[in-house]
Every structure is written in C-alpha cells, then in structure tokens.
Undergrad: 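This structure is in structure tokens; I'll ask about it shortly.
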Amino acid sequence: MWLRGVNVGGRLSWYAAPLNVYPPAPLVPGQRWSSGSGALKASSAVTGVAAVDAAGRKYNALSIRTETTLDGQVSVRTVYFVPGLGVVRHETADGSRAELLR
C-alpha cells in the first residue's frame, strides 16, 4: 500500500515520491522495509504476532513498528494489522492508543 501525501489542517501536501506503507502480502514476522520522500524517511518491521481485543472482538494481529524521521526528529508508532481486515489498533511511543475498528 502506498501513501501519496497527507492532509494536515485542510491543506493537502503531496510527497515527492509515494511512501511504501506496507509491502505486498504476505507480511511475516521479521520482515522489514523502508521508504522515503525528500526529508521524510520511514523504516518499518513486523515485530511479531499479538493478541488484540478491539471493538469487542479478539484478533491475532501482526505488530508493525514504524520509525519516521523528518528534519532530524524521530517518531515511533506501532500498528496492529489483521490481514484481510486492516489496522485494528494504533499506538504511539508515549502510550497513546486508538482502536481503529468498529
């Protein structure tokens, strides 16, 4: 899956080159990939499989850790991805969590 740009505050910004958010299936633990566009760099890895409760359901989700670097600042996030369904949870390094499935 590719990301061509972002919408921040109602302003659409296109990347010079699309970012590779997820490589083609199948994703497997230990798999790594990276992508970049200008000063933006992202490096991701499937770190394992985790049991996730989301929206009253239980899933065995792939845990994907991504480090994003922009202008020397690094942010880290972990998403929990269920193949065939998508992201069911998003967590940031500060512990913030969002359940992304209804």
Side-chain angles (χ1 to χ4, degrees):
M1 180 168 82
W2 296 89
L3 180 63
R4 296 184 58 210
V6 293
N7 184 341
V8 178
R11 182 171 173 245
L12 183 60
S13 297
W14 295 103
Y15 295 134
L19 295 179
N20 185 3
V21 179
Y22 301 113
L27 295 174
V28 294
Q31 186 174 359
R32 297 179 175 278
W33 64 95
S34 60
S35 188
S37 181
L40 179 65
K41 307 287 183 224
S43 178
S44 301
V46 179
T47 58
V49 176
V52 175
D53 291 331
R57 296 186 180 172
K58 296 178 188 255
Y59 300 97
N60 288 324
L62 295 168
S63 172
I64 302 172
R65 182 177 191 272
T66 300
E67 291 184 11
T68 304
T69 305
L70 178 61
D71 297 329
Q73 295 201 357
V74 178
S75 65
V76 178
R77 68 183 168 100
T78 301
V79 297
Y80 296 88
F81 181 83
V82 178
L85 183 61
V87 174
V88 295
R89 179 180 291 157
H90 178 274
E91 295 177 351
T92 60
D94 68 3
S96 298
R97 177 187 289 181
E99 304 291 337
L100 301 178
L101 179 72
R102 291 182 179 222

Undergrad: Quick one, Ser75 and Thr92 - any side-chain contact, counting heavy atoms below 4.5 Å?
TA: no

Undergrad: As an exercise, state the distance from OG1 of Thr78 to CZ of Arg65, rounded to the nearest 0.5 Å.
TA: 6.5 Å

Undergrad: Is there side-chain contact between Trp33 and Leu27, with heavy atoms separated by less than 4.5 Å?
TA: yes

Undergrad: Got Arg89 and Arg97 here, is their nearest side-chain heavy-atom distance under 4.5 Å?
TA: yes

Undergrad: If you link I, L, V, M, F, W and Y whenever their side-chain heavy atoms are under 4.5 Å apart, who else ends up in the same group as Val74?
TA: Val76

Undergrad: Minimum heavy-atom separation for Val52 and Ala61, please, with both atom names.
TA: CG2-CB, 4.0 Å

Undergrad: Write out all pairs satisfying salt bridge (charged side-chain N to carboxylate O under 4.0 Å, His left out) with one or both partners inside residues 70-79, taking only residues at least two apart or from two chains.
TA: none

Undergrad: May I have all residue pairs that pass ring pair (Phe, Tyr, Trp, His ring centres under 6.0 Å) and include part of residues 61-89, sequence neighbours excluded?
TA: Tyr22-Phe81

Undergrad: Which heavy atom of Pro26 sits nearest a heavy atom of Gln31, and at what distance?
TA: O-OE1, 3.4 Å

Undergrad: For residues Thr68 and Leu40, determine if any side-chain heavy atom of one lies less than 4.5 Å from a side-chain heavy atom of the other.
TA: yes

Undergrad: Between CZ of Arg57 and CD of Glu99, what distance do you get to the nearest 0.5 Å?
TA: 13.5 Å

Undergrad: Do you know the tightest heavy-atom contact between Ser44 and Ile64?
TA: CB-CG2, 4.3 Å

Undergrad: For a 4.5 angstrom cut-off between non-hydrogen side-chain atoms, does Val49 reach Ser63?
TA: no

Undergrad: Between the main-chain N or O of Leu70 and the side-chain N or O of Gln73, is there a donor-acceptor pair closer than 3.5 Å?
TA: no

